[in-house]
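As a basis for the values below, the full set of heavy atoms in this structure was taken, side chains included, without hydrogen atoms, waters or symmetry mates. Sequential numbering from 1 along the given sequence is applied to the chain's residues. Everything numeric in this text was worked out from a predicted model, so none of it was measured.
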Amino acid sequence: MKFSVIFEAQLADPTVEREHQLFRDSVEQAVLAERMGFDRIWAVEHHSLKWYAHMSAPEIFLTWVAARTSTLRIGHGVVCMPFAFNHPARVAERAATLDLLSGGRLDLGAGRGGTEQETSLCGVDRDRTAREVQEALRIIGKAWQDEELEYHGELIDIPPHPILPRPHQRPHPPLFLACSRTDTLRQAAEMGLGALVMGFAGPEAIAAMRGAYDTARAARTGDRLVSTVVNDHFAVLCPTIVLDDRDRARAVGLRGQRFFAQSIGYWYGGAGLPDEAVVAGASAAEAEAELRRAGEQVAARLNEQRIPVRPTSTATFHADHAYGTAGDAIAYVERLRAAGADEVMCLIQMGTVPQEVCMETIRQWGEKVIPRFIDA
């Protein structure tokens with residue numbers, strides 16, 4: 001089992017001062033994560049998604065963290081790969097530079113960044129995002145394995161050019177794909193990519209997703225592989241707050257998750273602006289009731305708009321996660337391991353979670369949870 005921390009850079013009640021402190025806090029969390037035995041951090045890339053994700057330049061954040069650590073792997077989770085966000089040759093150049101400077105600690109994930117808010121900022125054609133992500137991955141795979149990159153595809157033409165510098169890892173850093181649906185899991189498996197999986201729906205849903213991924217792996221013929229190197233790593237998101245006080249941990253975690261769910265729902269459709277209806281001193285039962293009510297409101301709004309309410313539509317309002325004591329987290333990781341997770345990506349830094357709680361959660365995972373799974 002591998003363990004990591006993922007950063008969205010979420011921010012309730014955003015001001016310039018709070019935003020700047022948030023980035024300093026996130027670096028502090030990442031440095032502590034290495035000391036506590038975590039294997040990796042991941043940083044997202046999103047644009048103009050106020051509240052939900054202020055992490056617009058993860059390559060800078062990850063470089064800053066890499067310079068302050070020595071063993072921690074540094075993960076793009078993920079780069080927005082449509083061409084108007086990031087030209088694939090530029091992704092290869094930047095990622096290779098970070099990989100060599102970090103001594104071969106980089107992992108590179110791909111995603112679409114497909115909200116209207118984001119795509120309208122950079123002039124991305126939303127109808128092409130899925131195809132551009134796949135084409136970008138093939139280009140990056142070639143750029144890191146061929147002496148010169150030359151690519152003539154359906155969507156882009158690149159005449160022969162050397163792509164410099166070369167990455168430290170040979171032939172290149174591991175490649176991943178963000179997966180929230182069965183079809184993207186199949187694509188990841190067919191292309192030989194590791195899966196970065198949203199885990200809000202719980203271990204049972206994770207087991208089904210792992211089954212779909214493994215079925216596609218078993219059936220792949222190799223004609224869609226993006227590289228000569230195959231990565232079959234299955235990493236799963238795990239919302240978590242761990243404190244000695246179980247009730248407080250659940251209350252803080254569920255309040256943070258409610259903010260996460262509302263802010264992502266606002267930009268992806270189906271939810272109003274995130275609010276602070278759950279006060280900081282609410283009990284776990286009160287926080288869980290508010291989370292459930294917010295999910296019901298989203299489902300009702302989607303029904304009113306005649307949008308099908310699929311399981312993924314309200315998964316972020318599911319409350320069964322690693323909130324509580326270290327013993328509760330250990331039991332939840334056991335369920336994730338049984339479901340097929342190779343890596344647990346701890347989501348700690350949700351918009352309303354105080355810095356001291358983030359730091360204590362990382363410490364408790366390092367001292368009490370991770371040691372239970374070493375070499376397991």
Side-chain angles (χ1 to χ4, degrees), residues 1-8 10 26 29-30 32-33 36-44 53 72-73 75 77-78 107 109 176 178-180 185 194-210 213 233-243 246 249-250 252-261 264 288 291 311-312 315-351 353 357-374 376:
M1 290 288 289
K2 300 293 184 184
F3 294 89
S4 56
V5 180
I6 186 166
F7 292 93
E8 301 269 2
Q10 292 200 329
S26 296
Q29 291 173 41
L32 178 63
M36 290 294 103
F38 282 85
D39 300 285
R40 182 176 8 237
I41 65 162
W42 296 97
V44 306
L72 192 72
R73 290 195 65 84
V78 298
D107 298 283
F176 291 81
C179 300
S180 59
L185 282 163
L196 301 175
V197 179
M198 291 282 277
F200 278 105
E204 292 73 22
I206 292 298
M209 297 176 81
R210 179 70 202 226
Y213 184 69
H233 192 75
F234 194 82
V236 174
L237 192 73
C238 175
T240 181
I241 296 295
V242 173
L243 303 170
R246 174 183 286 116
R250 283 190 57 77
V252 172
L254 291 167
R255 180 174 181 244
Q257 184 182 330
R258 182 177 184 274
F259 177 85
F260 182 106
I264 192 174
E288 185 168 353
L291 181 66
T312 53
T316 51
F317 296 92
H318 179 71
D320 179 20
H321 300 298
Y323 301 137
T325 64
D328 295 321
I330 289 168
Y332 194 80
V333 173
E334 291 282 12
R335 294 171 63 195
L336 291 178
R337 180 169 64 174
D342 296 319
E343 176 176 339
V344 174
M345 298 186 293
C346 293
L347 176 63
I348 301 166
Q349 191 281 306
M350 296 173 281
V353 179
V357 173
C358 292
M359 296 290 280
E360 177 63 12
T361 296
I362 292 169
R363 186 186 69 80
Q364 293 245 6
W365 272 77
E367 292 181 354
K368 301 177 182 179
V369 181
I370 293 174
R372 292 287 294 269
F373 298 92
I374 292 177

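The two atoms that bring Cys358 and Ile348 nearest to each other are CA-CG2, 3.7 Å, heavy atoms only. Among all heavy-atom pairs drawn from Gly202 and Tyr332, the shortest one is CA-OH, 4.0 Å. Among all heavy-atom pairs drawn from Val353 and Gly256, the shortest one is CG2-CA, 4.2 Å. Closest approach of Leu291 to Ala319, counting heavy atoms only: CD2-CB, 3.8 Å. Smallest separation of non-hydrogen atoms from Ala326 and Val242: N-CG1, 3.4 Å. The minimum heavy-atom distance linking Gly253 with Tyr323 is given by the pair O-OH, 3.5 Å.
Of the inter-residue distances, the one linking Ile41 atom CD1 with Ser26 atom OG reads 9.0 Å to the nearest 0.5 angstrom. Note that the CE atom of Met198 and the CE atom of Met209 stand 9.5 Å from one another [nearest 0.5 Å]. Between the SG atom of Cys346 and the CZ atom of Arg40 there is a distance of 12.5 Å, given to the nearest 0.5 Å. Rounding to the nearest 0.5 Å places CE of Met359 at 12.5 Å from CD of Gln349. A distance of 8.0 Å separates CD of Glu343 from CG of Leu196, quoted to the nearest 0.5 Å. The line from CD1 of Ile330 to NZ of Lys368 is 9.0 Å long, rounded to the nearest 0.5 Å.
The closest side-chain heavy-atom distance from Val78 to Phe176 is not below 4.5 Å. Inter-residue side-chain proximity for Trp365 and Val344 is flagged as met; some heavy-atom pair is nearer than 4.5 Å. Side-chain contact between Phe317 and Gln257 is absent, with no heavy atoms from C-beta onward closer than 4.5 Å. Residues Phe3 and Val333 have side chains in contact (heavy-atom distance under 4.5 Å, counting atoms from C-beta outward). Within the 4.5 Å cutoff, the side chain of Leu32 has no heavy atoms near those of the Phe38 side chain. Counting heavy atoms from C-beta outward, Thr361 and Gln364 have side chains that stay 4.5 Å or more apart. No side-chain heavy atom of Leu347 sits less than 4.5 Å from a side-chain heavy atom of Thr240. Looking only at side-chain heavy atoms (C-beta outward), Ile362 and Gln29 come within less than 4.5 Å of each other.
Classified by interplanar angle (parallel below 30°, tilted 30° to 60°, perpendicular above 60°), the ring pair Phe260/Phe200 is tilted.
Judged as a side chain to side chain contact (heavy atoms under 4.5 Å, CB included), and not counting sequence neighbours, the contacts of Thr325 are Arg246, Asp328. With sequence neighbours excluded, the residues that form a side chain to side chain contact (heavy atoms under 4.5 Å, CB included) with Ala195 are Cys179, Leu185, Val197, Tyr213, Phe234. For Lys2, there are no salt bridge (Lys or Arg N to Asp or Glu O under 4.0 Å) partners, not counting sequence neighbours. Partners of Arg210 according to the salt bridge (Lys or Arg N to Asp or Glu O under 4.0 Å) rule, which considers only residues two or more places apart in sequence or in another chain, are Asp214, Asp342. For the salt bridge (Lys or Arg N to Asp or Glu O under 4.0 Å) test, residues two or more places apart in sequence or in another chain that qualify with Arg335 are Glu204, Asp320. Under the side chain to side chain contact (heavy atoms under 4.5 Å, CB included) criterion, Ala341 pairs with Val236, Leu336, not counting sequence neighbours.
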Taking it one step at a time, do Leu72 and Asp39 satisfy side-chain contact (heavy atoms from CB on, under 4.5 Å)? CA-CA 6 Å; Leu72 192 72; Asp39 300 285; over 6 Å; no

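No donor-acceptor distance shorter than 3.5 angstrom exists from the side chain of Glu367 to the backbone of Met36, with no hydrogens or angles considered. A distance-only check finds a donor-acceptor pair linking the side chain of Gln10 to the backbone of Gly351 [under 3.5 Å].
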